[in-house]
**Student:** 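Encoded as structure tokens, here's the structure I'll be asking about.
Order of appearance sets the numbers: ligands from 1, and atoms from 1 within every ligand. In what follows, every heavy atom counts, from backbone to side chain, and hydrogens, waters and symmetry copies are set aside.
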Amino acid sequence: MPKGAWQVSQLGIGEWQRQALERDKADPLASFRPEFYRPETGIYLDGNSLGLVSRRAESSLLAALDAWRRLGVGGWEAGDPSWFYLAETLGQMLTPLVGGQAGDLVLAGSTTVNLHQLIATFYHPEGSRRLIVADPLNFPSDLYALQSQLTLHGQDASALCLVPVGPDGLIDESDLLALFGPEVALVLLPSVLFRTGQLLDMARITERARELGIPIGWDLSHSAGVVPHRLDQLDPDFAVFCTYKYLNGGPGAPAALYLSPRHRHRQPALWGWFGGDKAHQFDMSPSFTPATGAGAFQIGSPHILSMAPLKGSLELLTEAGIERVRAKSLAVTGFLIDLADDLLAPLGVSVATPRAEARRGGHVALRHPKAVQLVPALKAAGVVVDSRPPDIVRLCPSPLSNGFADVLEAVLRLKAAIEALGW
Ligand SMILES: *Cc1c(COP(=O)(O)O)cnc(C)c1O
């Protein structure tokens with residue numbers, strides 16, 4: 001079709017509108033939508049960067065503030081929940097979403113700091129067994145942590161073994177497994193790649209690493225809260241994830257750290273008083289007695305006010321049920337992909353996310369040569385999305401706060417923005 005020619009939908013906009021209405025009406029999670037504040041910036045499809053605030057998260061934050069006001073230092077003991085155990089309490093509240101048992105998960109620091117702690121603990125290069133297998137598409141902070149840890153361990157860049165990426169921007173799991181061998185001392189991968197939204201076959205990869213005795217860690221930042229995980233069944237050595245994306249913990253909310261129960265008595269590499277055995281923490285002894293489990297991997301004081309919204313947010317997610325959240329996410333992202341095929345493909349847009357449900361996370365990546373310019377154009381049109389250069393626009397319908405009609409409206413405005421830019 002020649003450039004600029006009149007584009008018509010195969011299905012017709014009216015039919016898409018009818019479908020969106022019908023699917024919103026049948027959505028079993030529709031009752032959760034009024035729980036969220038809708039931002040004044042417009043239709044919000046950026047929950048994979050920063051999830052929205054719910055009324056429940058707002059009240060658990062205000063409760064923590066109130067405990068500080070009423071109790072002062074007493075909040076460490078008498079806060080509800082007690083601040084002293086808040087990182088562990090919230091870790092336990094994550095188990096219905098990601099698996100594991102009490103004691104396997106804790107809230108601490110940021111994803112990157114937790115990665116430093118875990119890489120320092122699990123990476124022990126010895127002779128030719130010194131490689132770290134990772135992927136070049138991982139979030140840059142993860143790659144920075146790996147590179148600086150290699151330097152700290154007396155290694156150079158040749159120890160970082162990056163899997164090749166296909167011309168479609170995706171990773172073939174067989175290429176990853178081909179790198180696993182006796183020289184590999186650690187594997188660190190993201191569950192979902194932040195650009196394309198590809199979900200890796202975590203079971204296959206973890207199983208192979210475990211067979212070969214290679215320590216493996218996962219970064220679940222782009223899947224926790226939207227893709228169900230069973231860390232207890234998968235049994236990687238460790239995992240980390242941030243809580244401000246699909247877990248709606250708020251900007252800069254502390255990250256989560258998972259430690260396999262196989263390592264419950266392992267000494268962390270980096271010590272601090274909040275990683276200590278709680279029964280003796282206030283003995284103020286100069287010698288360190290670590291807690292058992294993930295708790296030992298904390299370093300300094302937990303960020304109480306930054307963690308507080310998570311309590312409300314995790315209650316909401318648990319009530320919704322992670323399986324229903326995933327079902328809605330797949331339905332609404334599938335609807336988005338169908339819309340893109342029908343309405344946007346004639347304008348030079350292609351879908352970068354794998355189409356198979358088992359291979360995609362919670363967002364959809366669309367490719368267009370003018371991706372970066374489209375984001376401000378869409379913002380002006382009241383739709384919040386983001387881009388990742390050079391050519392990706394990411395759209396993330398959050399299962400609890402977005403409906404099908406939001407997605408249709410965003411696609412129609414995206415279509416208009418591309419037409420206005422002169423594709
Ligand atoms: C969002 C994200 C991070 C963020 O790291 P912080 O240290 O918590 O800011 C790290 N890794 C991945 C894969 C992410 O998606």
**Student:** Does any N or O atom in N138 lie less than 3.5 angstrom from one in ligand 1, N or O only?
**Tutor:**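 It does not: no N or O of N138 is found under 3.5 Å from an N or O of ligand 1.
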**Student:** Could you report the tightest heavy-atom contact between V325 and A320, atom names first, then the distance?
**Tutor:**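 Scanning both residues, the minimum pair turns out to be CG2-CB, 4.0 Å.
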**Student:** Which residue and atom name correspond to the protein heavy atom nearest atom 9 (O) of ligand 1, and how close is it?
**Tutor:**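 Going atom by atom, the protein heavy atom closest to atom 9 (O) of ligand 1 ends up being Y244 OH, 3.2 Å.
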**Student:** Side-chain contact, heavy-atom cut-off 4.5 Å: L118 with Y258?
**Tutor:**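 They are not in side-chain contact.
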**Student:** Between F139 and F194, how do the two ring planes meet: parallel, tilted or perpendicular, split at 30° and 60°?
**Tutor:**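 Judged by the thresholds at 30° and 60°, the geometry between F139 and F194 is perpendicular.
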**Student:** Is it true that S285 and S287 share a donor-acceptor pair across their side chains at a distance under 3.5 Å?
**Tutor:**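 Per modelled atom types, S287 and S285 side chains form a pair under 3.5 Å.
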**Student:** Please write down residue, atom name and distance for the protein heavy atom closest to atom 2 (C) of ligand 1.
**Tutor:**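 That would be K245 NZ, 2.5 Å.
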**Student:** Indicate yes or no: does an N/O atom of S141 lie under 3.5 Å from an N/O atom of ligand 1?
**Tutor:**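 So ligand 1 has no N or O lying under 3.5 Å from an N or O of S141.
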**Student:** Pick from V53, L52, L29: which one makes a side-chain contact (heavy atoms from CB on, under 4.5 Å) with S401?
**Tutor:**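 Option passing the side-chain contact (heavy atoms from CB on, under 4.5 Å) with S401: L52.
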**Student:** Under 6.0 Å from the CD atom of E77, do we count more than 12 heavy atoms belonging to anything else shown?
**Tutor:**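 Check fails, neighbour count at 12 or below.
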**Student:** Quick one: which of L115, N48, D219, V192 has a heavy atom closest to atom 12 (C) of ligand 1?
**Tutor:**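 Selected option, by shortest heavy-atom distance: D219.
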**Student:** Looking at atom 7 (O) of ligand 1, what's its closest protein heavy atom, distance included?
**Tutor:**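 The answer is T112 OG1, 2.5 Å.
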**Student:** Of all the non-hydrogen atoms in the protein, which one sits nearest to atom 5 (O) of ligand 1, and at what distance?
**Tutor:**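 Atom 5 (O) of ligand 1 sits closest to the protein heavy atom T111 CB, 3.4 Å.
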**Student:** Going by heavy-atom distance to atom 11 (N) of ligand 1, choose the closest among D142, L137, N114, L220.
**Tutor:**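 The option holding the nearest heavy atom is D142.
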**Student:** Please could you name the atoms of ligand 1 that H222 approaches to less than 4.0 Å, counting only its heavy atoms?
**Tutor:**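 Those of ligand 1 that fall under 4.0 Å from H222 are 15 (O).
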**Student:** Check T121 against A269 and note the closest heavy-atom contact, atom names and distance.
**Tutor:**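 In this case the closest contact between T121 and A269 is OG1-N, 3.0 Å.
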